[in-house]
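Everything numeric here is computed off the predicted structure, so don't read it as measured data.
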Amino acid sequence: MHRIQRFRPAIVAAVLCLLAASIGAQTGGKKSYTFHGKVTAVDANAKRLTVANEKIEGWMDAMTMGYAVDKDDVFRRVKAGDEITAKVYDGDYSLHDVEVVPPKADKAAPKK
């Protein structure tokens with residue numbers, strides 16, 4: 001037990017370095033794409049959004065798929081039926097910087 005305590009600062013430092021490298025590897029230097037889609041389900045327990053996304057030229061065809069998100073506050077702001085935009089990166093199937101798109105005004109509706 002005393003040996004582990006003696007190395008604890010080094011172990012903590014190593015873990016923090018690995019986490020920092022992992023976060024940087026997810027987005028650093030990878031090509032980014034703008035993601036558009038409609039949320040079909042929100043699972044805060046699993047920390048996933050199911051989204052029917054539009055085709056992302058050069059990266060992904062239109063499809064419905066579950067995605068992890070980069071920030072937990074997304075689950076308080078986003079609900080099924082919301083249109084969203086986000087940023088995605090090559091090789092990373094997580095949504096970053098998720099934003100709800102305001103509904104478009106219906107221009108065809110007559111004014112009263």
Side-chain angles (χ1 to χ4, degrees):
M1 181 71 170
H2 294 289
R3 289 182 188 168
I4 292 174
Q5 287 178 338
R6 197 170 69 203
F7 292 110
R8 185 173 288 164
I11 293 169
V12 170
V15 168
L16 289 175
C17 287
L18 288 172
L19 285 173
S22 173
I23 290 168
Q26 285 183 352
T27 59
K30 294 185 178 185
K31 185 171 181 175
S32 67
Y33 301 90
T34 301
F35 179 97
H36 299 275
K38 184 172 186 173
V39 177
T40 59
V42 176
D43 188 342
N45 292 328
K47 297 188 177 193
R48 297 187 72 74
L49 295 178
T50 303
V51 183
N53 63 278
E54 298 173 4
K55 181 176 182 171
I56 303 168
E57 202 61 50
W59 192 64
M60 177 187 287
D61 285 333
M63 64 178 65
T64 300
M65 182 172 137
Y67 296 90
V69 297
D70 65 338
K71 297 176 185 148
D72 288 341
D73 75 316
V74 168
F75 299 105
R76 291 188 299 273
R77 297 184 289 115
V78 176
K79 63 185 180 313
D82 283 346
E83 296 281 339
I84 62 167
T85 62
K87 190 178 291 186
V88 290
Y89 296 91
D90 270 336
D92 177 11
Y93 292 93
S94 297
L95 303 179
H96 299 265
D97 304 323
V98 175
E99 294 295 330
V100 176
V101 176
K104 296 176 184 170
D106 187 0
K107 294 180 182 180
K111 292 185 181 182
K112 294 183 179 181

Item to check | Test item: Y93 and M60 side chains (from C-beta on) under 4.5 Å apart, heavy atoms | outcome: yes
Checklist entry - Got a sec, which residues hit salt bridge (charged side-chain N to carboxylate O under 4.0 Å, His left out) with D70, two or more places apart in sequence or on another chain? => result none
Item to check | Heavy-atom closest contact (K30 atom, Y89 atom, distance) | outcome: O-CD2, 3.8 Å
Checklist entry - Could you give the distance from OG (S32) to CG (D92), rounded to the nearest 0.5 Å? => result 11.5 Å
Result block: side-chain N/O donor-acceptor pairs under 3.5 angstrom for residues 38-47, not counting sequence neighbours:
{"from": "T40", "atom 1": "OG1", "to": "T50", "atom 2": "O", "distance (Å)": "3.2"}
{"from": "D43", "atom 1": "OD1", "to": "N45", "atom 2": "N", "distance (Å)": "3.2"}
{"from": "D43", "atom 1": "OD1", "to": "A46", "atom 2": "N", "distance (Å)": "3.0"}
{"from": "K47", "atom 1": "NZ", "to": "D72", "atom 2": "OD2", "distance (Å)": "3.2"}

Next on the checklist: Among residues at least two apart in sequence or on other chains, which ones pass side-chain contact (heavy atoms from CB on, under 4.5 Å) with E54?
Outcome noted: H36
Item to check | Under-4.0 Å salt bridge between D73 and R76 | outcome: no
Next on the checklist: Once side chain to side chain donor-acceptor pair (under 3.5 Å) is applied, do any residues pair with Y33, and if so which ones, sequence neighbours excluded?
Outcome noted: D90
Checklist entry - Are the side chain of D82 and the backbone of I84 linked by a donor-acceptor contact shorter than 3.5 Å? => result no
Item to check | D61: side-chain contact (heavy atoms from CB on, under 4.5 Å) partners, not counting sequence neighbours | outcome: K55
Next on the checklist: Can you tell me how far apart CZ (R48) and OG (S94) are? Round to the nearest 0.5 Å.
Outcome noted: 8.0 Å
Checklist entry - Is any side-chain heavy atom of L95 closer than 4.5 Å to a side-chain heavy atom of V88? => result yes
Checklist entry - Who are the ring pair (Phe, Tyr, Trp, His ring centres under 6.0 Å) partners of F35, not counting sequence neighbours? => result Y67
